[in-house]
Amino acid sequence: MRERIKNKQITKEIRGQLPVITPAMFRERGCSYCPYYAGSYEKFPRCMMADCAWDDEEEHFHPVLRQMLPEFKRKMEKAEEKYLELKTAYELLMSMFADEMEQEELEKDECYDCCYAKCGPCIGLCYKTLKG
């Protein structure tokens, strides 16, 4: 079985055009557990497949699902625009506070403001360890 969209992502208009699963087949095969089950619409269970995947080794999605492509493309482009706006704002804030953040990282270092580091190169003797 290949990847498929979730049934909650299928719009009601598209779901109404999907093939109806007969009640006998629904009970017999347990379609509600099938990954291609598209939920029910107008009290009838619907399938995403053109023909039932239980009967056919070839998986062919119902062509009506293809009508969802433009809507998903539009939503994806809108989300991408929003992501790029947020990324630009984040990078701007990071550049505004880059110096302060570098200073904070230096202050976290054990040797920051150490009496041995001030007067010469570090000899591997940590003042904080000796003092503590």
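Since this is a predicted model, take the numbers as computed values, not measurements. The first residue in the sequence is number 1, and the count goes up from there.
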query = Any side-chain heavy atom of Arg46 sitting closer than 4.5 Å to one from Ile21?
reply = no
In a table with atom names and distances, give each donor-acceptor pair under 3.5 Å that connects a side chain of residues 61-75 to protein atoms at least two apart or in another chain.
{"residue": "His62", "atom": "ND1", "partner": "Val64", "partner atom": "N", "Å": "3.3"}
{"residue": "Glu71", "atom": "OE2", "partner": "Arg74", "partner atom": "NH2", "Å": "2.6"}

query = Is there a donor-acceptor pair under 3.5 Å between the side chain of Arg4 and the backbone N or O of Tyr36?
reply = no
inquiry  = What's the separation between atom CZ in Arg15 and atom CD in Gln9, rounded to the nearest 0.5 Å?
reply    = 10.5 Å
message = Testing the basics here: between Leu18 and Ala38, what is the closest heavy-atom pair and its distance to 0.1 Å?
response = CD1-CB, 3.6 Å
Donor-acceptor pairs under 3.5 angstrom involving side-chain atoms of residues 80-87: please list them, not counting sequence neighbours.
none

note = Hits for ring-ring contact (aromatic ring centres under 6.0 Å, His included) against Phe26, two or more places apart or cross-chain, chain-then-number order -> Tyr37
query = Can you find a pair of side-chain heavy atoms, one from Met48 and one from Ile10, that are under 4.5 Å apart?
reply = yes
